[in-house]
There are 2 protein chains.
Amino acid sequence: MARPPRFDTPLLLDVAVRLAAESGPSGVTMSAVAAYAGAPSGSLYHRFAGRSALLAEVWLRTVEGFQEGYFAALKSSEDPRAAGRAASRYVVAWSRAHPDEATLLLYGARDFGQDDWSAEHLRRAEEGNRRVLTSVRELAEAVGASDAQDVERVSLALIDIPLSLIRRHLRGGTPLPPHAEALVEQCTDALLDRPADSPGRKPRMS
Amino acid sequence: MARPPRFDTPLLLDVAVRLAAESGPSGVTMSAVAAYAGAPSGSLYHRFAGRSALLAEVWLRTVEGFQEGYFAALKSSEDPRAAGRAASRYVVAWSRAHPDEATLLLYGARDFGQDDWSAEHLRRAEEGNRRVLTSVRELAEAVGASDAQDVERVSLALIDIPLSLIRRHLRGGTPLPPHAEALVEQCTDALLDRPADSPGRKPRMS
DNA sequence: ATTGTATTGGAGATTGGTCTCTAGAACATG
DNA sequence: CATGTTCTAGAGACCAATCTCCAATACAAT
């Protein structure tokens, strides 16, 4: 018993993603989204309490969409090394499939106005962070991490390195090369090696 | 034969750096800088042609300041592996010494309005990129890189990995831990290893 | 002292973005 | 067909930021 929507939430968020990828978070203004979607501003404020709400939702939808598959990859194998490689590969594959959203992910929540988010939005963000943290910790232990430095190294291997590669290409405008998956896998693998107890490096095994 | 400046360029750029670190590039507004410095807007527009000019200068000054020591570190040793480790360590040390500027560096030139920069500012940016690229390529060859994938791996090892670690801490609000240098050195070292026969690679000799 | 110049100081025009508000359109259901 | 509800549609108030402009000021050099 209601008028059918002409501009629903997912559509508006899609527009927001596109704008964010093109001009950064600051380019995601209510008027820009409205103009791009061909919607009146009233429709925007009907869906979102305000600009911060829209920014929060576009960020959270993207992050949560990414994480869904990421967790699956992290748990895709009994062997923690294989699981780590799968996770790295997933980051690249997902970014290839969703370049705009990947561009968005390279920013931080703070850039999307986190300071003005509602309690509920903050909770969702917090929840995601928590889940990632525990998953990474689990894998780090399985791979033999013993101290904070090891856990940090594993975090780099599983998250930051793949994202670095993505950033390098998305920022440079070059498309992700075909060998990207192989490269991150190789990097992740190198960093998951249990470091010998001395500052020197351990001999390679293959 | 002129009135002595009360708000000179470096001072205003310092303020801009601080604002950028606190609230991102979009927080660097002419009025915010003026207010923070206690300067009238006229003084700002006397120094900078406009907001894009200010953004360009604060970005370029920071990047060039960083690169100065970075190049020195890259050439600090005959042994390319040692030079690479030194470069990584430098990134961390510099970031520790200049947290605000490091925060700024984690954004991209585009976030600082690169699209509206003057030709001269674009040239300076280009020049910096070129120098970094050639230095990294040199080191990559010295370490045995044979194809584009190898060069990319070396770029990750020398630039992206250290910056990733910085990003992780600066975004999280945690201070850089004392073991940060050791960690990045270890990571860089692992990635500089010539991959003998990793899965799916054909060693094409140089 | 006078002159020339770089700078301060700030008023105000203009733009662009956020958000509010109200009128009415489109549909499901009774 | 009447009613209730969701949504569109857009006018316009409000505010913050950019930028222009000009008078006033502080100093150096002559």
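Since the model is a prediction, treat every value here as computed from it, not as a measurement. Letters A, B, ... are given to chains in the order of the sequence lines, protein chains preceding strands, and every chain is numbered from 1.
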Listed pairs under 3.5 Å, donor-acceptor, residues 167-178 of chain A side chains, sequence neighbours left out:
residue  : atom : partner  : partner atom : Å
A:Arg167 : NH2  : A:Leu106 : O            : 3.2
A:Arg168 : NE   : B:Asp160 : OD2          : 3.0
A:Arg168 : NH2  : B:Asp160 : OD2          : 2.7
A:His169 : ND1  : A:Leu165 : O            : 3.2
A:His169 : ND1  : B:Glu152 : OE2          : 3.4
A:His169 : NE2  : B:Glu152 : OE2          : 2.6

State whether A:Arg123 and A:Glu120 are salt-bridged, where the test is any N-O pair (Lys NZ or Arg NE/NH1/NH2 against Asp/Glu carboxylate O) under 4.0 Å. yes
Below 4.0 angstrom, N of the basic side chain to O of the carboxylate: do B:Glu185 and B:Arg89 qualify?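 Yes, charged N to carboxylate O under 4.0 Å.
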According to salt bridge (Lys or Arg N to Asp or Glu O under 4.0 Å), who are the partners of [X], at least two apart in sequence or on a separate chain?
{"X": "B:Arg61", "value": "B:Asp14"}
{"X": "B:Glu138", "value": "none"}
{"X": "A:Arg110", "value": "A:Asp115"}

Just the rounded figure in Å: distance from [atom2] of [N] to [atom1] of [X].
{"X": "A:Arg51", "N": "C:dG16", "atom1": "CZ", "atom2": "P", "value": "16 Å"}
{"X": "A:Leu44", "N": "C:dT20", "atom1": "CG", "atom2": "P", "value": "13 Å"}
{"X": "A:Met30", "N": "D:dC15", "atom1": "CE", "atom2": "P", "value": "18 Å"}
{"X": "A:Arg47", "N": "C:dT20", "atom1": "CZ", "atom2": "C1'", "value": "18 Å"}
{"X": "A:His46", "N": "D:dT5", "atom1": "NE2", "atom2": "C1'", "value": "10 Å"}

Relative orientation of the end axes in the helix from C:dA1-D:dT30 to C:dG30-D:dC1, expressed as an angle to the nearest 10° (five pairs per end):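 Helix axis angle between the two ends: 10°.
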Partner set under side chain to side chain contact (heavy atoms under 4.5 Å, CB included) for A:Ala109, not counting sequence neighbours: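 Expected list: A:Trp59, A:Gln114, A:Trp117.
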Residues passing the side chain to side chain contact (heavy atoms under 4.5 Å, CB included) test with A:Arg18, sequence neighbours excluded, are A:Glu22, A:Tyr36, A:Asp100
Going by ring-ring contact (aromatic ring centres under 6.0 Å, His included), name the residues that satisfy it together with B:His98, two or more places apart in sequence or in a different chain. B:Trp94
How would you list, by chain and number, every residue that makes a ring-ring contact (aromatic ring centres under 6.0 Å, His included) with B:Tyr70, sequence neighbours excluded?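 Only B:Phe66 meet the ring-ring contact (aromatic ring centres under 6.0 Å, His included) criterion with B:Tyr70.
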Counting only pairs under 3.5 Å, give me each side-chain donor-acceptor contact of residues 37-48 of chain A, with atom names and distances, residues two or more places apart or in other chains.
residue : atom : partner : partner atom : Å
A:Arg47 : NE   : A:Phe7  : O            : 3.1
A:Arg47 : NH2  : A:Phe7  : O            : 3.3

For nucleotides 20-27 of chain D, which of its nitrogen or oxygen atoms have a protein nitrogen or oxygen under 3.5 Å away, and what is each distance?
residue : atom : partner : partner atom : Å
D:dT25  : O2   : B:Arg3  : NH1          : 2.9

With a 4.0 Å limit, can you tell me whether A:Ser31 has a side-chain N or O closer than that to the phosphate oxygens OP1/OP2 of C:dG16? no
Would you say B:Arg6 places a side-chain N or O within less than 4.0 Å of OP1 or OP2 belonging to C:dG9?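 Answer is yes, contact under 4.0 Å.
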Using a 4.0 Å cut-off on heavy atoms, which residues in residues 16-29 of chain B reach DNA chain C? List them by number, or say none. none
